[in-house]
A.B. asks: 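Got a structure here, written out as structure tokens. Questions coming.
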Amino acid sequence: MCGIIGIVSKSEVNQALYDGLTVLQHRGQDAAGIMTSDKDGTFFLRKANGLVKDVFHTRHMLRLEGSMGIGHVRYPTAGCSTSAEAQPFYVNSPFGISLAHNGNLTNTKVLKDELFKSDRRHLNTDSDSEVLLNVLAHELQKSPQLKPQAKDIFKAVTEVHRRCKGAYAVVAMIAGVGLVAFRDPNGIRPIVIGKRESDLGSEYMVASESVAIDSLGYELERDIAPGECVFIDIDGNMTSQSCAENTQQSPCIFEYVYFARPDSVIDGISVHRSRGRMGTKLAEKIGREFPEHDIDVVIPIPDTSRSAALQLAHDLGVQYQEGFIKNRYIGRTFIMPGQTQRKKSVRQKLNAIDLEFRGKNVLLVDDSIVRGTTSQQIVQMAREAGANKVYFASAAPPVRHPNVYGIDMPSPVEFVAHERSVDEIAQELGVDMLIYQDLSDLEDAINSKGKVERFDSSCFNGEYITGDIDQAYLEYIDSLRNDASKQSTDDSNAVIELHNNS
């Protein structure tokens, strides 16, 4: 899960790209990068590990020249966090192409073999984004033109869709030619396009979320459709074409549950409104299963659960209060590698307001429960603050299966719901009552107007919509994601960084 952005403007884009990436910072805190291009086709790049504000200083910004550019914020999906895998990536042949990617390819091993044996292309990292870039470059190599035209680009992207499996929202830049953006045939990862008019003509922007479009003063045009490719030339002329067969709109349901900002609109669905409806569905379930409940107050676990908690409290007729103060200088614990660092950060991140808990029966509301370690500590904090009883509601169903489409969930054996009933999970978390959202209710809450054909809900139901996921692949992913593997990777990276800095 990363954030991508691309702009074709009539003026310098460095500041706009920086501002857009800060808006998308919630999608990745591991690394950030920007690449720009001037009219002559010269590329300028700055990327490194860290937050946007730490990666880009004045001296870097001054070097990012040009009226076209792309940007990326990253978190690792396989435990690796070296700066070598920061994006955008670049190849000089053909034409000069740079690329940034959000998602995860599920046939990376096969593609790497093809790229080496058939395409004669060299890969410098383990990133599937570099694989995707080289597949695109190989297909564009077939163009007979000195500068590829829209039809050449659409043909190349058609072949990318044929060869690449999994989830990918992509923004790419061809030197002296223009900006290319496309989305996988299932539309798993989000990408939208915006437009604004300047005195010199039309300017376009693509981004992972509509909030970035809004913040930079562009008008949201639409989502890029599954399998569609959009091409914007350096003069600001846009063309698009569907480049895949058998497309379906199947966005990742976790975007609405957790990842996306509440002020974003994804595939025509308001994230904020969908989270509010999740609260309504939870209230209805509590009313059915616990009609004689004794809840005194509903308290959200900030920040993503607020919309659901507020609506839940309203529908139950129960008081809503903010009971936790959040330190905004601590990163998202879901993203942090390693259990030790995660445990340490929760206490640093949240502090309970005793007054809101003392002597009360409290219903805590969170967007989801993955490992349960964060939830355990929060429940303990509520008890230490004087809560009489602590109930817990999750706006999402139990997470029981790995996500293979770009979310760095842990090994399934590390899920708190792994081989446990709801009562057993409640005992593990230390709560007096645990309520999970039903999957059908979650999907109905998000898709209330039927805008989406189906969701990728694989982390809840184990149904992988690309149809190419078998047990061998799940075991391979598991070997990369378990805490022991991540700790080994973190230690190796620390040695590399120490060596590089010595």
Side-chain angles (χ1 to χ4, degrees), residues 2-9 12-14 16-18 20-21 24 28 31-49 52 55-56 60-61 63-74 83-103 105 115 119 121-125 127-141 143 146-148 150 152-153 156-157 160 164 168-183 189 191 193 204-208 224 229-234:
C2 302
I4 59 174
I5 187 173
I7 299 176
V8 178
S9 181
E12 298 292 301
V13 295
N14 50 1
L17 289 167
Y18 176 95
L21 289 182
L24 297 175
I34 290 176
M35 181 173 275
T36 60
S37 176
D38 61 19
K39 291 289 185 179
D40 296 328
T42 302
F43 280 158
F44 305 91
L45 172 66
R46 167 62 181 172
K47 62 179 181 177
N49 279 9
V52 175
V55 170
F56 302 100
H60 305 126
M61 297 296 290
R63 295 171 191 156
L64 294 171
E65 303 174 15
S67 58
M68 177 172 66
I70 61 176
H72 187 266
V73 286
R74 173 184 182 269
S83 57
E85 295 197 3
Q87 299 183 38
F89 284 115
Y90 163 76
V91 291
N92 63 2
S93 177
F95 314 118
I97 307 168
S98 63
L99 177 144
H101 160 227
N102 174 31
L105 300 185
L115 286 167
D119 299 355
R121 302 193 72 88
H122 170 71
L123 298 175
N124 202 49
T125 72
S127 172
D128 62 338
S129 302
E130 189 187 14
V131 171
L132 205 158
L133 168 61
N134 277 273
V135 172
L136 175 63
H138 177 75
E139 299 304 331
L140 279 171
Q141 189 90 48
S143 170
L146 286 176
K147 282 193 175 183
D152 304 309
I153 293 168
V157 172
V160 171
C164 296
Y168 48 93
V170 174
V171 59
M173 187 166 55
I174 305 174
V177 176
L179 190 76
V180 182
F182 55 93
R183 193 178 186 188
R189 291 284 151 237
I191 182 168
I193 184 167
Y204 287 92
M205 173 179 174
V206 295
S208 292
I224 294 178
C229 176
V230 172
F231 171 57
I232 306 160
D233 69 24
I234 57 175

A.B. asks: Does Ile4 reach the side chain of Ile70, with side-chain heavy atoms less than 4.5 Å apart?
C.D. replies: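 Answer no - side chains too far apart.
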A.B. asks: Kindly indicate whether the side chain of Gln141, heavy atoms from C-beta on, has any atom under 4.5 Å from the side chain of Ser93.
C.D. replies: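 The answer is yes; the side chains approach within 4.5 Å.
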A.B. asks: With sequence neighbours left out, write down each residue that passes ring pair (Phe, Tyr, Trp, His ring centres under 6.0 Å) with Phe44, or none if nothing qualifies.
C.D. replies: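 Applying ring pair (Phe, Tyr, Trp, His ring centres under 6.0 Å) to Phe44 gives none.
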A.B. asks: Side chains of Leu179 and Val206, heavy atoms from C-beta outward: is any pair under 4.5 Å?
C.D. replies: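 Yes - at least one pair of side-chain heavy atoms lies under 4.5 Å apart.
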A.B. asks: Are any side-chain N or O atoms of Ser98 and backbone N or O atoms of Tyr90, one a donor and one an acceptor, separated by less than 3.5 Å?
C.D. replies: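 Here the side-chain-to-backbone pair does not exist.
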A.B. asks: List in chain and number order the residues that pass ring pair (Phe, Tyr, Trp, His ring centres under 6.0 Å) with Tyr18, two or more places apart in sequence or in another chain; answer none if no residue qualifies.
C.D. replies: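 Scan of Tyr18 (ring pair (Phe, Tyr, Trp, His ring centres under 6.0 Å), adjacent residues dropped) gives none.
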A.B. asks: Which pairs with one or both residues in residues 168-180 pass side chain to side chain donor-acceptor pair (under 3.5 Å), sequence neighbours excluded?
C.D. replies: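 Non-adjacent pairs meeting side chain to side chain donor-acceptor pair (under 3.5 Å): His161-Tyr168.
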A.B. asks: Where do Val160 and Phe182 land on the side chain to side chain contact (heavy atoms under 4.5 Å, CB included) test, with the steps shown first?
C.D. replies: CA-CA 10 Å; Val160 171; Phe182 55 93; 4.0 Å; yes
A.B. asks: Can you give me the closest heavy-atom contact between Ala48 and Ala86, atom names plus distance?
C.D. replies: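 Looking at all heavy atoms of both residues, the shortest contact is N-CB, 4.3 Å.
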A.B. asks: Does any N or O in the side chain of Asp38 come within less than 3.5 Å of the main-chain N or O of Asp40, such that one atom is a donor and the other an acceptor?
C.D. replies: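 Between the backbone of Asp40 and the side chain of Asp38 there is a qualifying donor-acceptor contact (under 3.5 Å).
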A.B. asks: Between Cys164 and Leu105, which heavy-atom pair has the shortest distance, and what is it?
C.D. replies: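 Result for this residue pair: CB-CD2, 4.1 Å.
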A.B. asks: Could you pull out the closest heavy-atom pair between Leu17 and Gly71, with the gap in Å?
C.D. replies: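 Here Leu17 and Gly71 meet closest at CD2-N, 4.3 Å.
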A.B. asks: Leu99 and Val170: side chain to side chain contact (heavy atoms under 4.5 Å, CB included), yes or no, with the steps?
C.D. replies: CA-CA 7 Å; Leu99 177 144; Val170 174; 3.5 Å; yes
A.B. asks: Does any non-hydrogen side-chain atom of Ile232 lie less than 4.5 Å from one of Ile193?
C.D. replies: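 They are in side-chain contact.
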A.B. asks: Can you tell me which residue among Ile7, Leu64, Ile34 is in a side chain to side chain contact (heavy atoms under 4.5 Å, CB included) with Asn14?
C.D. replies: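 Among the candidates, only Leu64 passes.
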A.B. asks: Holding to side-chain contact (heavy atoms from CB on, under 4.5 Å), I want the full list of residues that pass it with His60, two or more places apart in sequence or in another chain.
C.D. replies: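 For His60 the side-chain contact (heavy atoms from CB on, under 4.5 Å) partners, ignoring immediate neighbours, are Arg46, His57, Arg63.
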A.B. asks: Considering only heavy atoms from C-beta outward, does the side chain of Phe89 approach that of Lys47 to under 4.5 Å?
C.D. replies: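 Phe89 vs Lys47: side chains touch.
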A.B. asks: Please report the shortest heavy-atom distance between Arg121 and Ala137, naming the atom on each side.
C.D. replies: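 Here Arg121 and Ala137 meet closest at NH2-CB, 3.4 Å.
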A.B. asks: Taking all non-hydrogen atoms of both residues into account, name the closest pair between Ala172 and Leu136 and its distance.
C.D. replies: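 Distance-wise, the nearest heavy atoms are CB-CD2, 4.1 Å.
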A.B. asks: Just by distance, do the side chain of Glu130 and the backbone of Thr125 share a donor-acceptor pair under 3.5 Å?
C.D. replies: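 Here the side-chain-to-backbone pair exists.
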A.B. asks: Identify, with sequence neighbours excluded, every residue that meets side chain to side chain donor-acceptor pair (under 3.5 Å) alongside Asn124.
C.D. replies: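 Result, side chain to side chain donor-acceptor pair (under 3.5 Å) vs Asn124: none returned.
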A.B. asks: Using side-chain heavy atoms (C-beta onward) and a distance below 4.5 Å, is Leu133 in contact with Val91?
C.D. replies: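 Yes. Closest side-chain heavy atoms under 4.5 Å.
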A.B. asks: Hey, what do you get for CD1 (Ile174) to CE (Met68), rounding to the nearest 0.5 Å?
C.D. replies: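 One gets 8.5 Å once the value is rounded to the nearest 0.5 Å.
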A.B. asks: Got Val171 and Ile5 here, is their nearest side-chain heavy-atom distance under 4.5 Å?
C.D. replies: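 Side-chain contact under 4.5 Å: no.
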A.B. asks: Quick check: closest heavy atoms across Gly66 and Glu12, and the distance to 0.1 Å?
C.D. replies: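 Closest heavy-atom pair between Gly66 and Glu12: N-OE1, 3.0 Å.
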A.B. asks: Which value, rounded to the nearest 0.5 Å, describes the distance between His72 atom NE2 and His101 atom NE2?
C.D. replies: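 The NE2 atom of His72 sits 8.0 Å away from the NE2 atom of His101.
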A.B. asks: A side-chain contact here means heavy atoms from C-beta on lying under 4.5 Å apart; do Leu140 and Ile153 qualify?
C.D. replies: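 Answer yes - side chains close enough.
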A.B. asks: With sequence neighbours left out, write down each residue that passes side-chain contact (heavy atoms from CB on, under 4.5 Å) with Asp233, or none if nothing qualifies.
C.D. replies: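 Per chain and number, Asp233 pairs via side-chain contact (heavy atoms from CB on, under 4.5 Å) with Phe231, Asp235, Asn237.
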A.B. asks: With no hydrogens and no angle check, just 3.5 Å: does a side-chain donor-acceptor pair link Asn102 and Arg189?
C.D. replies: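 The answer is no; no qualifying pair exists.
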